[in-house]
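A short write-up of the structure that comes next.
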Amino acid sequence: MMQGDKKVTQKDDLVIRFAGDSGDGMQLSGTLFSDASALTGNDIATFPDYPAEIRAPHNTIAGVSGFQVHVGSHIYSSGDKCDIIVAMNPASLKSNLKWAKKGATIIVDIDTFTDSAMEKAGYTGDPFSEELEHAYTIVKAPISSFTERIGSEMGVDKKVSEKSRNMFALGVIFYITHKKLDQTNAYLARKFAKKTQVVQLNQAVLREGYEFADKLELIHSHIVEVATAKMPKGRYRNITGNVATAWGLLAASERSGRPLFLGSYPITPATDVMVELAKHKALGAKVFQAEDEIAGICSAIGASYAGALACTSTSGPGLSLKSEALGLAVMVELPLVVVDVQRGGPSTGLPTKTEQSDLNQALYGRNGEAPLIVVAASSSANCFYWAYTAAKLALEHMTPVILMTDGYLGNGSQLFRIPKVADLPGITPRLAKPNDPNYRPFRRDPVSFAREWALPGMEGLRHRVGGLEKCPDGPLTTDPENHALMVYNRQEKVNRVANYIPDQEVTGNPDGDLLVVGWGGTSGALTLAVEEMNNEGKKVAYTHFNYICPLPKNTGDILRKYKKIVVCELNNGQFAGYLRTQFPECPMRQYNKVMGLPFEVGELKEAFNKILGE
Amino acid sequence: MMQGDKKVTQKDDLVIRFAGDSGDGMQLSGTLFSDASALTGNDIATFPDYPAEIRAPHNTIAGVSGFQVHVGSHIYSSGDKCDIIVAMNPASLKSNLKWAKKGATIIVDIDTFTDSAMEKAGYTGDPFSEELEHAYTIVKAPISSFTERIGSEMGVDKKVSEKSRNMFALGVIFYITHKKLDQTNAYLARKFAKKTQVVQLNQAVLREGYEFADKLELIHSHIVEVATAKMPKGRYRNITGNVATAWGLLAASERSGRPLFLGSYPITPATDVMVELAKHKALGAKVFQAEDEIAGICSAIGASYAGALACTSTSGPGLSLKSEALGLAVMVELPLVVVDVQRGGPSTGLPTKTEQSDLNQALYGRNGEAPLIVVAASSSANCFYWAYTAAKLALEHMTPVILMTDGYLGNGSQLFRIPKVADLPGITPRLAKPNDPNYRPFRRDPVSFAREWALPGMEGLRHRVGGLEKCPDGPLTTDPENHALMVYNRQEKVNRVANYIPDQEVTGNPDGDLLVVGWGGTSGALTLAVEEMNNEGKKVAYTHFNYICPLPKNTGDILRKYKKIVVCELNNGQFAGYLRTQFPECPMRQYNKVMGLPFEVGELKEAFNKILGE
Amino acid sequence: MTKRHFVPKADIDYTKADFTSDQMVKWCPGCGDHAILASLLNVFPKTHHKKENICMVSGIGCSSRIPYYVDTYGFHSIHGRACAVATGVKLANPSLSVWINMGDGDSMAIGGNHLIHIVRRNLDVNVTIFNNEIYGLTKGQYSPTTKFGQITKTSPFGTIDYPFNPGELIMGAQGTFYARALDVMPPLTTEIMLKAAQHDGTSVVEVLQNCMIFNDKAHAAITDKAVRDDKIIILEHGKPMIFGKERNKGLRFNGRCLEAVTIGENGVTMDDIMIHDETTEDTGIHMMLARMKGDLPVAIGVIRNVVKPTYTELYEDQMDECKANGKYKCVDDLLNSGDTWEVE
Amino acid sequence: MTKRHFVPKADIDYTKADFTSDQMVKWCPGCGDHAILASLLNVFPKTHHKKENICMVSGIGCSSRIPYYVDTYGFHSIHGRACAVATGVKLANPSLSVWINMGDGDSMAIGGNHLIHIVRRNLDVNVTIFNNEIYGLTKGQYSPTTKFGQITKTSPFGTIDYPFNPGELIMGAQGTFYARALDVMPPLTTEIMLKAAQHDGTSVVEVLQNCMIFNDKAHAAITDKAVRDDKIIILEHGKPMIFGKERNKGLRFNGRCLEAVTIGENGVTMDDIMIHDETTEDTGIHMMLARMKGDLPVAIGVIRNVVKPTYTELYEDQMDECKANGKYKCVDDLLNSGDTWEVE
Ligand SMILES: Cc1ncc(C[n+]2csc(CCOP(=O)(O)OP(=O)(O)O)c2C)c(N)n1
Ligand SMILES: Cc1ncc(C[n+]2csc(CCOP(=O)(O)OP(=O)(O)O)c2C)c(N)n1
Ligand code: SF4
Ligand code: SF4
Ligand SMILES: [Mg+2]
Ligand SMILES: [Mg+2]
């Protein structure tokens, strides 16, 4: 089909955004495209962009739902601005044009540009002004009518065939990106196995889109072939951060021998961690959908007392509600993993947008001196490892651990190199020995300061725990010295975790003039920005934190080496503030963004260049 | 009665501790003594020391309840170690001896030292060892038998007369402190007005104690007369911090014209704020005892929306529970006063002990960027002013304000110079004008950045508020720029409060070599320690913070002036950490104590001297 | 104590349009919430309350967006806390007519405690529960009212949670007013809501609502036009409990519980049919009515409506009494009360 | 589905002493909690459950100190959260016999939501509510069960809050077992608690308890020896509802509600007296029984005790089924499921 006279440009990476009404199936198009790309050797990352409403009125801006795919040779994030945008109706075009790169290709379903739809989208004049046509390559595809026609040829009702419009757009994209349809055809056959007509319809529409593009001269000079990735050997899959988190916990449960318990309550964007775990009763995962977040964490604390690898998952407002019980977990020194998939705050805030503004709450949001471990994942795929690590630390150090991810990581997807569970680091829970006459509830390991875990049902270890201060032997006491000692011990136990974690690393150009500091979900854009700058001859060092509390032991050494430090985060400077409490001697600049959006490489480079120039 | 041949020593101050079983009426003896002292011109401070149990078994250490009184010429705190201790039973002696100064006078009810009571108290040998008799002046008073005898003479049952044992001890103390009984006799007559027999019995026992002392030669060389205070002119009363807090809120309500609403849930040591306000329906105070802390704050937020001066009072665990709703209050930008009477943490911790470890939670314990105002009272009496100020700031800046006090301030009492409500600074709530066509929910005053307050019921100002991000005009939006703007505005509004508060002051010797920094409830011991050191020829400067967030504008200027700074707090260094986030350039030492107890002057001086010597 | 009414009446007659806000309604097309909103907009003019004195309070959920669509004062609070926020609104200003709107999750999962407590206190507010038996806004997890065994996002193998019956819960919490309505019968819903508004005390109206995206047809087994007449019974105070297409079925009390009978069969006459009394203090029969399902028709309409002084009245009476008898007339009086002394 | 029992039996016979801990009991002398503790200590040996498999869970309050006084595993959690913590304990390890102990404030003020939800789910645990109608540990504020109009620390002019009736609340929440006991009748309490322990599902025993410091004689009007026989009725399943010193009074159902009658007067015979059936699914009569006061005697004993599969059983059955039928046997299977590919 593909004729030899067409120009195919090679590119390192490509960003495509599929945008349409909430019901238009943009998420599916995007997923199919990214899966096909991955299978043909590209690295990928994806990110969905939902509205807060489930299905706001048809053709309104509020109802637009997007899905962005970034494919290429080495992909750290789902990308900033787009090379290609699909807009299934006027509202999608209107609200997504701001994401287009200069000269981007924009594919619209021209059939949807009726007067009433344009008015609903807020257009007063012609959406396709001369400037617009000049600035972009606009492909006006008659998607609705073509799809309807194919449907009617197959005797399918318009209401049904309409649902395949997304396949047309996908076909166009496949053509433009110089890819084959086989894999997607196979997927469609698998997915709708029992509905032959649906398979046929979708496949036909897909092909129609592809052929439409083939006939469109306009496009011929815009065909791109994206470089494939050189990835370490191994078996791969595509995975979202929330699923990776769930699987990491499952793996930790299997390796530690402690049955998994999740006590949780739905909340965007964390719900999918629970939804995923709820599927895996066969693997022994017990999921309890509690009546609220407080019952979620309290049930987890109870389960932990009873011997489970206990977890609770939530987002900002839910973490707020868990504050009091987190203090209890600190006090009773039981293992507990709290997953916080951050979103835009404060309060209900921007539930479907991403942010890193729960850090302060994770570090400090409890009454009294209530130290605990905080770690953060930095990519959708490594949510798996950080969930695993969080569980390992909780079980081995007998303490609650907060794992910070965010909506961007949680909903976004990435390639994931599948590990063997046996190859993961071992986990040894600190179980007490039945009938040990020396067992005392708060006796500590002299090295780690962790206490032992005696489970109800074990013989000869009956004891009581609780939120009131206790002496190391167990009973209650208000003795001043004892309180001072226990406060010290609980803090020291967390501090000593630093002895068990690897050193912090510096990447980019370690001898650079500027140290870029990041933490958590921003590593994609930061890595790329630093890489590009070093490629451009600037000298920039970069260090990204996953261990937040305690910090790796060499953190101070690193920070003290650089004259210029910039701490970059999607909040008003919470990590920077935290670093200052520990390393006040290191002057730090901040680069902050609180817009419900991830960093863009461009803005980062601009900021770093400015600092270098100062 | 008082013979001329006895030696009366003059003293600047005196610390007396009354200790007995929970039911022994020690609180009453203490209060009567402090009231009598105040009326005779002494400055005073008191502090009760309850067990966590209501009435643990008779004669056990767990059941001992204490009440400490500090009287003298200028009193900043309830004192460290005691000059006089009353111990009504063996357990009281055993558990309170650690509070005795060298050479202290100790009065015991010798009748209670039965074998079984001594055993219950944990004594194995004689409680009155030779060393003990040597180290202290021990007055073995037959309090129980004398009291019983007087009772039986009056035909009163032993079970009833027993309750007057505390009066005997008080009589002895009155003698030793060279005071008259008149005032207390009058008080007893007033208090039990309807029970003549009780009045007569109490008065008789009181006199008996006094006369017992008069006959005891041992005591004659230990009579002390405490210097009276030189206090500013005015009308005075004795007041606890919790009552002062309640009254400050009442005064703010009256001055602002906004009816007071308190939505709260009982919790030690904050309950008395609610208990006090519940009495004042006549003054228009609406108190709502909610089903939990969350309903407490949420009802207050609702009341604030409806136009009240809305408040909620709690302690650490309750503040944790209020985290989520506090975020809502930040988002809807409504006035709200949250009183946190801190206690020992984490978790349920040490409910009846004092601590300053909720600061981090007050500053940071919410999801998202959720700035608010934090202020702290520093004496039982000035709880009145800080509650008033918290309300003023909330109403004038349209924001939640957290007022930090603690168990020490809240339960302790002090002299309070009664102000005239009309003399307090005015409060002008930012009420919108009915039917103002320009009213927009989040339109801001350009100077303070505060929004206007439109109350349901007002004509022409209908609008909606809520926890989702909104644009200045009111409607919901997820627009990135708008979010950035609103986050900025909310922060800036709090930052600008610094333009409305006085400069931070330095006391002690401002040219000192060391700057002592304190905040909140520790000012008594810190002031005294600094004063004593300066009197001893050391040069020590002192600055005590009541405005915590935002800090006074000159804070940095002050901190940068000193080479040596020590931040003293009853936690692991939360205020120090907070200062470092803002003034990382100022190296700060820390002096911390987490024992459920206030600072002692002695330990502070030792620490400061060490730093000076370094 | 005489009955007190606090909410001022309007001196003009409003229409539905007066209460319709300028905000775009963003529920899914076909969502049952649209009909409930319409019913509410129809009720407000009938209450004759001054528009400025109406305040809508909600939590978080699809249904909780409703304050944006009503042109009154409104507070879209946080998940589960609508009752608590509304309590403060009403106590601070009893002259407001307060309407609380919540989903089944909002009101009975995270918000369950505040719901039972507001009901126990009998605060004078109007509660509407939008019961779609699912968490809509978070995309389809089971709620405390989801049917036993149902497959949802978080129950891939079927729920094992027994659902609450909102009516039973409300009455167990000392509720004075409970009614059940259907999104598909808006005029009846309006009528029921008006009775709720007229009730002094906490009125709870549970509306069976369809979420066509995540729990479509959850109530279809009783609301479908084809079966509705036989599957529901519309209760009316003082009237016999009759139902059925032919209106020949009724409810009879057999000494321990209710049973459905056919008039004219097995010797059953109209005299056997129980008369609905919404006003009996005892909850026994009302509980039986609220509980009906399966062989018995689901009860629609006002099930319970009893008179009891409201929290608002009791509160304001106590305030007035204290103000009349209080020792202190101003804060200066208080500051100077008890033991004080002058230092010259 | 066959009934499953998870808690292992002990192979020795325990005595009360085996369950008595070495910690000093710190309640006020004369507090009703002492008697309840004694009853509990007497129940444990009778359950024959292995001592190591008993776990006491409580919240915060005077009553919640109880785990320290029982020599088993125990968790003294935070205020109001005992039910939630216990849910995790029991779900994680169904072989534990879980006892939840709470005060009236702990269970029905701050903890009200968790209480109604654990009851709704019918989790197999034993709940004891120590109802002294006051907040004891915080020194005397009114609780959700304090009598209307009572003067307490926070209601100096009398409360205006209508109290919950715990039995009604539990049954409104779909409770399968509810009983009422008196601290002053320890043997009866032990008997009732044993029945509670034997019930499969959530059993709730409300014990009317005296706080002699802050709410002395709160229950005296029915518990005083002088009046007790006439003021309470001890219900027994299958037996007529008889009470009174002369055992000549009884309860009759009049078609709408219960009334107290005297046998032999006005033609009343034993046949008129209602027979107690704790097992009827319908809650109507049980609600009437739980609600009795004033002219009617307060019901003591097991009021409701119905059979319904427990959450524990349903949970474990579903787990077992999934394990038997699940596609993945280990996490490696899961990681490699679906679309994956090899990079060489
Ligand atoms: C503290 C908190 N927890 C969880 C959520 C997430 N959340 C929002 S709405 C909702 C439930 C919605 O269900 P329902 O109340 O039945 O309302 P519906 O959408 O069905 O109308 C949940 C769990 C939240 N916003 N805040
Ligand atoms: C989060 C929290 N809020 C409040 C408290 C204070 N508090 C402790 S016990 C209690 C109530 C006690 O009453 P109840 O539950 O009836 O138990 P009782 O003491 O009467 O046995 C309260 C309010 C607390 N410890 N934690
Ligand atoms: S998701 Fe369901 S409840 Fe929510 S708006 Fe759509 S149809 Fe209505
Ligand atoms: S205060 Fe009351 S409930 Fe608490 S221990 Fe004392 S008597 Fe018992
Ligand atoms: Mg719902
Ligand atoms: Mg109680």
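Worth saying up front: this structure is predicted, and the values here are computed from it rather than measured. Chain identifiers are assigned alphabetically (A, B, ...) following the order of the sequence lines, protein sequences preceding nucleic acid strands; residue numbering begins at 1 within each chain.
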Select one option (side chain, backbone, both, neither) describing which atoms of [X] are under 4.5 Å from chain D's heavy atoms.
X	answer
B:Val275	both
B:Phe288	neither
B:Thr60	side chain
B:Leu321	side chain

Quick one: [atom1] on [X] to [atom2] on [Y], what's the gap to the nearest 0.5 Å?
X	Y	atom1	atom2	value
D:Lys153	B:Glu276	NZ	CD	13.0 Å
B:Ile267	D:Ile60	CD1	CD1	9.5 Å
B:Glu53	D:Arg65	CD	CZ	4.5 Å
D:Cys31	B:Ile54	SG	CD1	10.0 Å
D:Thr154	B:Lys279	OG1	NZ	11.5 Å
D:Lys26	B:Ser22	NZ	OG	11.0 Å

Pick from D:Ala109, D:Cys62, D:Pro144: which one has the most heavy-atom pairs with chain B under 4.5 Å?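 The option with the most such pairs is D:Ala109.
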
Who wins among D:Thr159, D:Asp161, D:Ile78, D:Ile213 for the most heavy-atom pairs under 4.5 Å with chain B?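 Heavy-atom pair counts peak at D:Ile213.
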
Distance-minimising heavy-atom pair for D:Gly105 and B:Tyr265: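 Heavy atoms of D:Gly105 and B:Tyr265 come nearest at O-OH, 4.1 Å.
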
Of all heavy-atom pairs between B:Ala278 and D:Pro156, which one has the smallest distance, and what is that distance?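 In this case the closest contact between B:Ala278 and D:Pro156 is O-CG, 3.4 Å.
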
Any side-chain to backbone donor/acceptor pair from B:Gln289 onto D:Tyr142? Under 3.5 Å, distance only.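 The answer is yes, because a donor-acceptor pair under 3.5 Å joins these two groups.
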
Taking side chain as everything from C-beta outward and backbone as N, CA, C, O, which of these in D:His76 sits under 4.5 Å from a heavy atom of chain B? Side chain, backbone, both or neither.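 Contact with chain B involves no heavy atom of D:His76 at all.
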
Under the 6.0 Å and 45° cation-pi test, does D:Lys139 pair with B:Tyr50?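 Because its charged atom sits under 6.0 Å from the ring centre and within 45° of the axis, D:Lys139 does stack over B:Tyr50.
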
Side-chain heavy-atom pair D:Leu137, B:Thr268 within 4.5 angstrom cut-off: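 No, their side chains stay 4.5 Å or more apart.
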
Quick one: are B:Pro57 and D:Met24 in side-chain contact, heavy atoms under 4.5 Å?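 Yes, at least one pair of side-chain atoms sits under 4.5 Å.
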
Over 12 non-hydrogen atoms of neighbours within 6.0 angstrom of NZ in B:Lys120: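 Correct, the count exceeds 12.
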
Near B:Asp115 CG, under 6.0 Å, is it more than 12 heavy atoms from other residues, nucleotides or ligands?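 Open.
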
